[in-house]
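A, B, ... follow the sequence lines: proteins, then strands. Residue 1 opens every chain.
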Number of protein chains: 2
Amino acid sequence: MRWRELDREACSVARTVAVIGDRWTLLVLRDCFLGVRRFEEFQARLGITRHVLADRLRKLVKAGVLRKVAYERRPLRHEYRLTDKGLDLYPVLMAIVHFGDVHLAGRRGRPLLHRHKACGKLFDPVTVCSECGEPLHARAVHVHPGPGARRGECIEGGADGWTG
Amino acid sequence: MRWRELDREACSVARTVAVIGDRWTLLVLRDCFLGVRRFEEFQARLGITRHVLADRLRKLVKAGVLRKVAYERRPLRHEYRLTDKGLDLYPVLMAIVHFGDVHLAGRRGRPLLHRHKACGKLFDPVTVCSECGEPLHARAVHVHPGPGARRGECIEGGADGWTG
DNA sequence: ATCATACGTTCTTTTTTGGAACGTGCAACG
DNA sequence: CGTTGCACGTTCCAAAAAAGAACGTATGAT
């Protein structure tokens, strides 16, 4: 399987990975959620090659995650902003941040704190079941083919044996 | 910034991306959560090069996400299983799946359905605030430096301007 | 004129990946 | 005993992607 075939897999992980599954793309998105919008600022903060940055921004625009907005004419200048679709990646980024906070923070503690404006408190993101509201654990979920499944892809037999 | 410098950044996204921020690694983890454990099965399902698969499994073991377990002696054979740390990546994978389900599913619908054993219902993962339990939206979160922050990294000034 | 700014592109070198074959240890078959 | 098959990799070479630095372009400020 190559990059260009990934988005044709009948698997939501594969299709999403085709969009964001790249170290630079994820870091670009992190910066987007922190308010970065301009080419030069991404480049300076990330230390990414200009060539690769141009490529990743182009791909994110094509995927509908970012949009290019002119903020000045004469000379014409653009900036990159998250679309609504892009904002929907927030849970992915928060889940990544939380894993890092819990498992990879140095002894000084986590680098960034998050405050929920609605309740005013510092918080951690928690992934819960949409139906009962209880926190989700891998072992408490059973998975089976949906309408978009294709035979022999993504899930094959009983796929419950990961426990242990 | 190169791969090998990523994990030294004072940023939970960068550190997590240093572990999982790679297309193949994410697909390997997907398969782990679907019950795949053996080299040959990863290779057959993913179509990944054996060389790259060996490399990714080695890195995941080194990162403490997977562990190598002997399931047979004479000949000695190993399989790869998620550790507790690895199981903590479940919210990341579920967030990725959900984004794919919502934004990238074909017209036939989502490829996979998830049932919560605790309540018995088909569900979607929802990311909520640990303090008030309300669903999180990017615009409702304010971010500021924590104890592990380093000057000039990850967040610089007011970082609330991503809206719009 | 010269410099600075913002947003890229071009060029060359280094690193990573794809693809196929080979190596190892052992068991089962004929 | 020789052969086949399996599980788990490693090795080798060609192709693709990334790093690093310089160049291009349009404009406005000094």
DNA chain D: A:T49 or B:R38, which has the more 5' nearest nucleotide? B:R38
So if I take residues 53-60 of chain B and measure heavy-atom distances to DNA chain D, which residues fall below 4.0 Å? B:A54, B:R58
To the closest 0.5 Å, what do you measure between [atom1] ([X]) and [atom2] ([Y])?
| X | Y | atom1 | atom2 | value |
| --- | --- | --- | --- | --- |
| B:R37 | B:L82 | CZ | CG | 9.5 Å |
| B:H137 | A:D88 | NE2 | CG | 9.5 Å |
| B:I96 | B:D101 | CD1 | CG | 12.0 Å |

For the pair made of [atom1] in [X] and [atom2] in [N], what is the distance, rounded to whole Å?
| X | N | atom1 | atom2 | value |
| --- | --- | --- | --- | --- |
| B:Q43 | D:dC8 | CD | P | 12 Å |
| A:R50 | D:dA22 | CZ | C1' | 11 Å |
| A:R23 | C:dT15 | CZ | P | 13 Å |
| A:H78 | C:dT9 | NE2 | P | 13 Å |
| B:R37 | D:dC8 | CZ | P | 12 Å |
| A:E41 | C:dT5 | CD | C1' | 14 Å |
| A:W24 | D:dG20 | CH2 | C1' | 12 Å |
| A:D22 | C:dT16 | CG | C1' | 13 Å |

Look for any protein N or O under 3.5 Å of an N or O in nucleotides 27-30 of chain D and output each such pair with its distance, or none.
none

List, one per line, each side-chain donor-acceptor pair under 3.5 Å for residues 121-130 of chain A, sequence neighbours excluded.
| unit_1 | atom_1 | unit_2 | atom_2 | d |
| --- | --- | --- | --- | --- |
| A:D124 | OD1 | A:R110 | NH1 | 2.7 |
| A:S130 | OG | B:D124 | N | 2.8 |
| A:S130 | OG | B:D124 | O | 3.1 |

Closest non-hydrogen atom pair between A:Q43 and A:I48, with its separation: NE2-O, 2.9 Å
Applying salt bridge (charged side-chain N to carboxylate O under 4.0 Å, His left out), which residue pairs with at least one partner in residues 55-66 of chain B are found, sequence neighbours left out? B:D22-B:R56, B:D55-B:K59
Of the listed C:dT17, C:dA6, D:dG9, the closest approach to the A:E40 side chain comes from C:dA6
Remaining members of B:V102's ILVMFWY cluster at a side-chain heavy-atom cut-off under 4.5 Å? none
Give a yes/no on whether any side-chain N or O of B:K68 is located under 4.0 angstrom from OP1 or OP2 of D:dG9. yes
Residue whose closest nucleotide on DNA chain C lies nearer the 5' end, A:Y71 versus A:H51: A:Y71
Could you note down all residue pairs passing ring-ring contact (aromatic ring centres under 6.0 Å, His included) where residues 54-91 of chain A supplies at least one of them, sequence neighbours left out? A:F33-A:Y90
May I ask you to say what A:Y80 touches in the nucleic acid, namely base, sugar-phosphate or nothing, with a heavy-atom cut-off under 4.0 Å? sugar-phosphate
Report yes or no: does B:R81 contribute a side-chain atom to a donor-acceptor pair with the main-chain N or O of B:R67 at less than 3.5 Å? no
